[in-house]
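Let me begin by presenting the structure, written as structure tokens, before commenting on it.
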Amino acid sequence: QVQLVESGGGLVQTGGSLRLSCTASGRTISSYVMGWFRQAPGKEREFVANSWGAIITYYADSVKGRFTISRDNAKKTVYLQMNRLNTEDTAVYYCAAGSRLSHSREEYGYWGQGTQVTVSS
């Protein structure tokens, strides 16, 4: 079992940056695929980025080159550095843990409660 808590969301202007954190309690995250997803109002929850091990990372095309996922297994924390934010990035961002490297939310069994990111124009 692992419990996930996100933090770092907020209001930022277009072009700004935010760093989200996801801290786990319970089991270590080192053996998990850690992912970030987001859900905008009226839309499905979508994949943003994931990470497995020290160097394997994947990104959605919409955030590639702007967002960076990283993890500190010793601190049981995963980060999402978001740069050059635009209004289309406005959403609730969720951290998730799973056992398979996948873009599908069904492959993730553990979820945080989400943190709101709002980008103003």
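Owing to the predicted nature of the structure, the values given are computational and were not obtained by experimental measurement. Residue numbers start at 1 and run along the sequence shown.
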Is it true that E46 and R105 have a side-chain N and a carboxylate O under 4.0 angstrom from each other?
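So E46 does not pair with R105 through a salt bridge.
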Considering only heavy atoms from C-beta outward, does the side chain of [X] approach that of [Y] to under 4.5 Å?
X: I29; Y: V78; value: yes
X: Y59; Y: T68; value: yes
X: N50; Y: H103; value: yes
X: L101; Y: Y58; value: yes
X: Y32; Y: Y110; value: yes

Checking [X] side chain against [Y] main chain: does a donor-acceptor pair fall under 3.5 Å?
X: T77; Y: D72; answer: no
X: E6; Y: C95; answer: yes
X: T87; Y: S121; answer: no

Notebook entry, point to check: So F37 and Y108, would you call those rings parallel, tilted or perpendicular, with 30° and 60° as cut-offs?
Noted result: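 Taking Y108 first and then F37, their aromatic rings stand perpendicular (interplane angle over 60°).
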Side chain to side chain donor-acceptor pair (under 3.5 Å) between R84 and N86, intermediate numbers included: CA-CA 7 Å; R84 303 201 315 272; N86 58 62; over 6 Å; no
(message) Under a 3.5 Å cutoff, is there a donor and acceptor pairing between the side chains of Q116 and T118?
(response)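 The answer is yes; a qualifying pair exists.
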